[in-house]
Amino acid sequence: MAGVRLNHIVKRYSGAEESTVKDFHLEVEDKEFVVLVGASGCGKSTTLRMIAGLEEITEGELYIGDRLVNDVAPKDRDIAMVFQSYALYPHMTVYQNMAFGLKLRKFKKADIDARVREAAKILDIVHLLDRKPKALSGGQRQRVALGRAIVREPQVFLMDEPLSNLDAKLRVQMRAEITKLTKRLGVTTIYVTHDQIEAMTMGDRIVVMDKGIIQQAATPEEIYNHPVNMFVAGFIGSPSMNFLNGTLVQEGSSVFFKTPGVNVEIPAGKAQALKSHLGKDVILGVRPEDIHEEPVFLEASPNTVFNVNVELTENLGHEMYLYLNGIGSGTVIARVDGRSGIKEGTNVKLALDMNKVHFFDKETTLSILAN
């Protein structure tokens, strides 16, 4: 197996004013599972295709292991790619689809048979080897596509939104299977998705991209708990982080965040870190799960309590989303216990967990506390 190093990679299409991928610098360790995540058009699939050799690199160097592969043909890069569309040959059986790449490489028939049957056993598709793709479900087709990659025994797996064509229930199942599979095989994997839940649950590291630029590359926990800017904070998490425009005001020895409908005290440790922004407009970020309605929390944090109107509720059974108005200039979402019994149109007391809120510079959108 091998790591992958992208050394200040740039992709610029002829005639385009801006680069699609800008100064992309990343080192993927051997056996690491790295997820590239971002909205459509952010450059993540283009980056993957450059690693695969399906797109030319405009600037920079790409290494797989210790080998510079900028000018190496895709077939000679020792990678295997799994596509969104499965890309199976409809006239071939599952066995033939999985064996096809090995046949092109002139493997011996006995070696091909051993590899195909071993991969089929790992993926639990031995009973499907004689079927053609049209007779398979979406999940079974995806397993065949994975099997075709496994038999290659490549140094690197590249996966481009492989679960996006599956229904919600099957996506959950398949993402767990892919995670277990790559750990079992110990293969370096670079996985592209627009789904932040896939990114959070599958990756050893997440690379959040926007407009061709890496915004943050870190573990899922680091990305979630310590986003470096508002884009990352808002992209990762469901429902998204709430953002409130307000001002930091010192009153006596305490510092407060003030915005219409909310006046909350900031813990001393955080207040010290925000010292340079006192008297200035800032943006407070709070995740829906860090807004509380439990009486014990309200009593323990009286300086973070506010009254608000509940415009709409969505009860998911185990949890409820409250859509709140009268705070700042927009709607705020809180995630509370599904048994809370809160009704639409009522006024409720809520409290912010000020130990978990984030503060961002209004001009740069960078996290104040992370810099």
Side-chain angles (χ1 to χ4, degrees), residues 208 210 215-216 222-295 297-313 320-336 342 345-371:
V208 183
D210 183 41
Q215 299 295 312
Q216 188 171 1
E222 181 72 12
I223 293 275
Y224 192 80
N225 294 318
H226 304 287
V228 296
N229 58 32
M230 285 180 63
F231 178 83
V232 175
F235 191 84
I236 298 295
S238 181
S240 297
M241 183 181 286
N242 300 292
F243 296 111
L244 301 174
N245 290 291
T247 308
L248 295 178
V249 179
Q250 182 149 11
E251 296 180 0
S253 61
S254 299
V255 176
F256 290 81
F257 173 82
K258 293 190 176 187
T259 192
V262 172
N263 182 15
V264 290
E265 185 176 0
I266 299 167
K270 266 195 169 76
Q272 183 64 27
L274 295 167
K275 204 172 179 180
S276 62
H277 285 70
L278 282 176
K280 297 180 180 178
D281 290 344
V282 297
I283 296 169
L284 180 147
V286 58
R287 296 199 182 278
E289 60 268 30
D290 295 326
I291 304 175
H292 295 270
E293 52 79 31
E294 307 95 318
F297 199 97
L298 300 178
E299 292 166 11
S301 308
N303 291 337
T304 72
V305 175
F306 57 95
N307 287 290
V308 68
N309 178 259
V310 179
E311 184 177 23
L312 177 71
T313 64
M320 179 186 288
Y321 297 161
L322 308 180
Y323 291 78
L324 314 170
N325 58 25
I327 304 175
S329 58
T331 299
V332 170
I333 301 175
R335 180 158 62 190
V336 300
I342 295 174
T346 58
N347 279 285
V348 295
K349 281 187 176 182
L350 299 172
L352 304 185
D353 185 343
M354 295 303 292
N355 290 309
K356 294 184 178 179
V357 298
H358 304 262
F359 288 94
F360 302 94
D361 186 283
K362 195 169 183 178
E363 293 183 8
T364 65
T365 75
L366 296 175
S367 170
I368 299 169
L369 300 176
N371 293 285

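Because the structure is predicted, anything quoted here is derived from the model rather than measured.
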To the nearest 0.5 Å, what is the distance between [atom1] ([X]) and [atom2] ([Y])?
X: Ile368; Y: Leu274; atom1: CD1; atom2: CG; value: 5.5 Å
X: Phe360; Y: Ile283; atom1: CZ; atom2: CD1; value: 8.5 Å
X: Ile291; Y: Phe306; atom1: CD1; atom2: CZ; value: 5.5 Å
X: Ser367; Y: His226; atom1: OG; atom2: NE2; value: 9.5 Å
X: Met230; Y: Thr364; atom1: CE; atom2: OG1; value: 10.0 Å
X: Leu352; Y: Leu244; atom1: CG; atom2: CG; value: 7.5 Å

Polar side-chain atom of [X] near backbone of [Y] as donor-acceptor pair, under 3.5 Å:
X: Asn242; Y: Val286; result: yes
X: Gln216; Y: Val228; result: yes
X: Thr304; Y: Val264; result: no
X: Arg335; Y: Ser238; result: yes
X: Asp361; Y: Leu366; result: no

What class does the angle between the rings of His292 and Phe297 fall in, given that below 30° is parallel, 30 to 60° is tilted and above 60° is perpendicular?
-> parallel
Sequence neighbours excluded and cut-off under 3.5 Å, please list the side-chain donor-acceptor pairs for residues 246-253, or say none.
residue: Thr247; atom: OG1; partner: Asp281; partner atom: OD1; Å: 2.9
residue: Gln250; atom: NE2; partner: Gly252; partner atom: O; Å: 3.3
residue: Glu251; atom: OE2; partner: Lys258; partner atom: NZ; Å: 2.6

Beyond-backbone contact of [X] with [Y], side-chain heavy atoms, under 4.5 angstrom:
X: Phe257; Y: Val357; answer: no
X: Lys362; Y: Val282; answer: no
X: Asn325; Y: Tyr323; answer: no

Identified side chain to side chain contact (heavy atoms under 4.5 Å, CB included) partner of Glu293 from the options Leu322, Leu350, Val348, Leu298 | Leu350
Can you pull the side chain to side chain donor-acceptor pair (under 3.5 Å) pairs that have at least one residue in residues 263-272, sequence neighbours excluded?
-> Ser254-Glu265, Glu265-Asn303
